[in-house]
Amino acid sequence: MVIRHRAPTDLRASDITPLALYRNRRAFLSMLGAGAILAGSLHAPKSHAQSPDQSARFDPYQQAPRNQGLSSSEELTAHEAVTSYNNFYEFGTDKGDPARYAGQMITAPWSVLVEGACERPGLYDLADLVPMSDLEERIYRLRCVEAWSMVIPWIGVPLHKILSPLGPTSKARYVQFETLADPKMMPGLAYPVLDWPYVEGLRIDEAMHPLTLMATGLYDAPLPNQNGAPLRLVVPWKYGFKSIKSIVAIRFVEKQPKTSWNQSAPSEYGFYSNVNPDVPHPRWSQATERRIGDFRRRDTLMFNGYADQVASLYTGMNLRRNF
Amino acid sequence: MTVKLFKILIFGLFSLPALWLLGQWGFYAMDAPHDLGFNPQEASNRFSGIWALRALIVALALGPVALMFRLTWPIQIRRMLGLFAFFYASLHLSSYLGLDLLGDMDAFWEDIKKRLYILFGLGAFLCLIPLALTSTKGWIKRLKARRWKQLHRLVYLAGILAALHYLYMAKGNQLEPKIYAAIITGLLLIRLWRLWPRIKRRTMKPIAQDITIKRDKAQARS
């Protein structure tokens, strides 16, 4: 292991917006807004953003409303941790590699190939696939299979809002997603840690579930590359590797699609990979986890604490066998 | 003279990582900026583990190096490297058991039962304990050189187990654990190759006798 010293340009904890201030930013913004009303130059609210002179100042990420009902009220994981402690093996297996190398990934223009059992397959430009006017903020817990976790303020749209307009047919029982695999931009592809490109999948009812989010941003800004820009899945009740990054293809399929970690070690990573403290993993006990920033471990919750919303998806299923 | 210089040099070199690690945990404890990253326990486990493996590899390599270049100093610093391997393995275990599991012995026992790489790692550590304990001149005398040498061949088992520990720990198809495993395998093969004449003499003799007896009988019959 290489001993790394802090580069002078690196952020320190003291440089980051204090959490209290971050949490109150909407109040702060509305206060500014109130001031603006008095000053007679109101910051355009979302529904009026079309008028050309104001659109330049409209930032869909700053103004994405928080979905309070689906958001956790736990303390957020520091922005610096969320954006520099990552697993994105296309850039290397070290947690710091994605932040180090993902900057060279070109994310605009970005197109997504939609194929398989749907009425409107084709190559879509990102803007045509994701309804930017529907962006919302959701604070979700993220539980990595390596037994650490974070709390992240994502910005995105529920996946069903992207999938439904594509018209999945009755044969679309599963959805497969694929990550970009461009060796020119992704140094990690030089070695077959996994069988590239990275693929993941969901059952169609999991994909259509209201909790399942297609994120394009976090912490009030577009996704940093290391977090899977410009488009990544967030499935909060499953281990993090299910939440595939930098998506270039969406396929509606009839049979359970292959998924990368399952192909790499079928006995360790199942297709479902729901967070489950009672099903131990050959590498890590899943009974406890370390919230990044905490010294002690805490107990892991069934379905990562989302059991009320998602347990019904799996009624009658043996979760020990379908891990 | 040169041996002493080498000893001081190697001692300093292998002390630095431990000092760095302890210093970083010191900063962490004082809530000061540190370089352990966002998952200090993971960083600390990996850092101490990789240095244990490195010290062990250097200790294993010193014998062949001494022979190849007809040097004596590598043999004279070998014990120190072995003790460093034990020291870093102890740090590694303490980091995992103390800082990561916070002394939760039930969790540790579950890990041993369910996770092969933990079992391999523990095995490697257990192999190193008697070697560290009998590393003094007094013990060499007490055990007699021959038996002491036999006991200390355990270091190869420790090496194999340590390599397996790392291989089984890494997820996916990663290169680094394979490199370490290849180096340890190479060093083990050199050792076997040098021991081969002795092994052959010991195991082939009875067979050779058997063959001559059969031949004699056959000749007697004809």
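Residue numbers start from 1 in every chain, and the chains themselves are labelled A, B, ... in the order their sequence lines are given, proteins ahead of strands. Atom set for the values below is all heavy atoms of this structure, side chains included, hydrogens, waters and symmetry mates excluded. What you see is a predicted model, and the numbers here were worked out from it, not measured in a lab.
Taking the ring centroids of A:Tyr174 and A:Phe271, they lie under the 6.0 Å cut-off. Not less than 6.0 angstrom separates the ring centroid of A:Tyr239 from the ring centroid of A:His281. Under the 6.0 Å cut-off for aromatic ring centres, A:Trp154 and A:Tyr219 do not qualify, their centroids lying 6.0 Å or more apart. Between B:Phe125 and B:Phe86, a ring centre-to-centre spacing shorter than 6.0 Å is recorded. Residues A:Trp148 and A:Tyr85 bring their aromatic ring centres within 6.0 Å.
If you measure heavy-atom distances from A:Arg290 to chain B, the contacts under 4.5 Å come from the side chain alone. Of the two parts of A:Ser285, the backbone and the side chain both hold a non-hydrogen atom closer than 4.5 Å to a non-hydrogen atom of chain B. Neither the backbone nor the side chain of A:Val82 comes within less than 4.5 Å of any heavy atom of chain B. With a 4.5 Å cut-off on non-hydrogen atoms, A:Phe295 touches chain B through its backbone and its side chain both. Using a 4.5 Å cut-off between heavy atoms, A:Pro192 contacts chain B through both its backbone and its side chain. With a 4.5 angstrom heavy-atom cutoff, B:Glu110 does not touch chain A via any of its atoms. With a 4.5 angstrom heavy-atom cutoff, A:Glu268 does not touch chain B via any of its atoms. Within the 4.5 angstrom heavy-atom criterion, only side-chain atoms of B:Lys178, from C-beta onward, approach chain A. Heavy atoms of B:Leu175 lying under 4.5 Å from chain A belong to its backbone as well as its side chain. With a 4.5 angstrom heavy-atom cutoff, B:Ala107 does not touch chain A via any of its atoms. Heavy-atom distances place the side chain of A:Trp261, and not its backbone, under 4.5 Å from chain B.
Side-chain atoms of B:Arg79 and B:Ser135 include no donor-acceptor pair closer than 3.5 Å.
Between B:Trp73 and B:Phe6, the ring planes are parallel. Angles under 30° get that label, and only those over 60° would be called perpendicular. Note on ring orientation: taking the six-membered ring where Trp is involved, the planes of B:Phe120 and B:Tyr168 are perpendicular (angle over 60°, cut-offs 30° and 60°).
Put simply, of B:Ile118, B:Leu116, B:Asp111, B:Asp100, the one with the most heavy-atom pairs under 4.5 Å next to chain A is B:Asp100.
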